[in-house]
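What follows is a short report on a single structure.
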Amino acid sequence: MTGRGVVVSLLSSVAFAAFSFLAALAAPLSGVQVWGWRILLTVPGILILLAMTGRWFWFSGELKRAIQKPKKLLAYLFTVPMLASQMWLFGWAPQTGNTLALSMGYFLMPIVMVVIGRVLFKEKISTLTVVATSVAAAAVVFEVVRAGGLGWVTAYVAFGYPFYFVVRRIFETDGVGALTWEMTLALPLASYFALSSGGLQTATRSLPAVLMLLVVGMLSIVGLVTYVMAAKLLPYAVFGLLSYVEPILVTGVAVVLGERIVGAEWITYIGIWLAILILALEGVKAFVANRRWSVPAARPWRRRRPRKTKNEAHSWRRLKLTKKDKLIDPGAPAE
């Protein structure tokens, strides 16, 4: 399953990087209009996939759990706008010359998650991880001194996404169904921005424009679905290592779009890349030693399901409805 998982993970990274490139070419649609169309195309696509694969209960089951535990709605008050704004940023940055800042945020995000995992969830971290975190912190301090700040795009990704995952962990809304609901709840606002200011006319002005939007929607669906699949198929260490492929590709997209790292900025980038390399070495070390869950990957506090025995049926096949309105979901949090 590892070989298949690696291919799926790489496909996810390529899909997201390709999306960022096409977002830059989507003008005259603005970044917020691209975001609106992305949501409008992604939500139906994922719902159709869930229905076609017999996993609709991932979506309906999350609603039942929210009804049973209304406190989950507090999580959605934060996660819906946070996910929506991060998705908007991913389409806006390439249009405004901020793709490098975006990729820097994704490079820093695993480091921030390591720190939060240690502080909030009391996770143990290795010596190499401490070294990597220290190197990244030094690079950030240098950038703050050099430029007078980290830059809001980088900071919003590097710190916003980790707290998004923290809230999902605390309120146990970290499944596929919850992700789909977060985008679904953003549909009204997405529809407004997609169709306002001549968005519909601009999006349908020509066949190439329509095809580009359809490709953007397809890339968004493929990226999200394959990311979730990779998390299921891969050992934790490998999944963590491959999570760094996406920001590398996004950096490549920034270069293709004409952005450049200049002057003293190289010191900051080299520091961050060195920290990522150290984490990668830690991941390889952990994987070789078969300590699959010890490496701080891009999702260091992701809840993992217990391993299945060789004779146990795949968990997707065991998902079923039993008694009236009683949902059995091995991936759901224990009540």
Side-chain angles (χ1 to χ4, degrees), residues 12-27 29-36 38 81-116 132-133 135-165 193 216 219-220 223 227 243-280 298-299:
S12 174
S13 296
V14 170
F16 283 129
F19 174 89
S20 67
F21 177 72
L22 288 182
L25 305 180
L29 286 175
S30 65
V32 71
Q33 288 175 323
V34 171
W35 167 78
R38 180 184 183 184
M82 177 55 69
L83 178 65
S85 58
Q86 293 286 355
M87 293 178 72
W88 161 77
L89 194 62
F90 206 82
W92 171 86
Q95 290 191 349
T96 56
N98 285 287
T99 311
L100 274 177
L102 184 74
S103 67
M104 174 64 83
Y106 281 99
F107 275 123
L108 278 175
M109 185 173 66
I111 307 294
V112 175
M113 284 184 161
V114 168
V115 175
I116 293 179
T133 305
V135 171
V140 170
V141 170
F142 173 81
E143 181 64 17
V144 170
V145 173
R146 183 195 70 84
L150 192 58
W152 74 269
V153 173
T154 298
Y156 195 68
V157 173
F159 296 100
Y161 253 140
F163 282 104
Y164 164 81
F165 288 110
F193 283 114
V216 164
L219 288 173
S220 182
Y227 180 84
S243 68
Y244 306 132
V245 173
E246 181 185 335
I248 292 173
L249 294 178
V250 173
T251 301
V253 169
V255 173
V256 171
L257 294 176
E259 297 184 42
R260 295 292 182 269
I261 303 172
V262 295
E265 286 181 347
W266 277 106
I267 298 177
T268 303
Y269 277 87
I270 290 174
I272 298 300
W273 294 340
L274 179 59
I276 295 299
L277 178 60
I278 295 172
L279 282 183
R299 305 289 181 267

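Below, all heavy atoms of this structure are taken into account, side chains as well, without hydrogens, waters or symmetry copies. What you see is a predicted model, and the numbers here were worked out from it, not measured in a lab. Residue numbers count from 1 along this sequence.
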Could you tell me which non-hydrogen atom of V135 sits nearest to which non-hydrogen atom of G271, and how far apart they are? CG1-O, 3.3 Å
Using the side chain to side chain donor-acceptor pair (under 3.5 Å) criterion, which residues pair with S13? Sequence neighbours excluded. none
How long is the straight-line distance from CG of L150 back to OH of Y156, given to the nearest 0.5 Å? 15.0 Å
Just how far is it from atom CZ of F159 to atom CG of L108, taken to the nearest 0.5 Å? 7.0 Å
Nearest 0.5 Å, what's the CD-CH2 distance between Q86 and W35? 12.5 Å
Could you give the side-chain donor-acceptor pairs of residues 253-263 under 3.5 Å, partners two or more places apart or in another chain?
{"unit_1": "E259", "atom_1": "OE1", "unit_2": "T99", "atom_2": "N", "d": "3.3"}
{"unit_1": "E259", "atom_1": "OE1", "unit_2": "L100", "atom_2": "N", "d": "3.0"}
{"unit_1": "E259", "atom_1": "OE2", "unit_2": "N98", "atom_2": "N", "d": "3.4"}
{"unit_1": "E259", "atom_1": "OE2", "unit_2": "T99", "atom_2": "N", "d": "2.9"}
{"unit_1": "E259", "atom_1": "OE2", "unit_2": "T99", "atom_2": "OG1", "d": "3.0"}
{"unit_1": "R260", "atom_1": "NH1", "unit_2": "V255", "atom_2": "O", "d": "2.8"}

Contacts of Y269 that satisfy side chain to side chain donor-acceptor pair (under 3.5 Å) - sequence neighbours left out: none
Find the distance between CZ (F90) and CZ (R38) and round it off to the nearest 0.5 Å. 7.0 Å
Residues in ring-ring contact (aromatic ring centres under 6.0 Å, His included) contact with F193, at least two apart in sequence or another chain: none
For T133, side chain to side chain donor-acceptor pair (under 3.5 Å) partners two or more places apart: none
Between T251 (side chain) and P247 (backbone), is there a donor-acceptor pair under 3.5 Å? yes
Approximate separation, where rounding is to 0.5 Å, of Y161 OH and L89 CG: 9.0 Å
Within the supplied structure, the quantity of interest is the number of heavy atoms (other residues, nucleotides, ligands) at a distance under 6.0 Å from F21 CZ; does it exceed 12? no
What distance do I272 atom CD1 and E143 atom CD have between them, rounded to the nearest 0.5 Å? 9.0 Å
Which residues share a ring-ring contact (aromatic ring centres under 6.0 Å, His included) with W92, sequence neighbours left out: W88, W152
Nearest heavy-atom pair of S12 and G223: which atoms, and what distance? OG-O, 3.0 Å
Heavy-atom pair of closest approach, residues A264 and R146: CB-CD, 3.4 Å
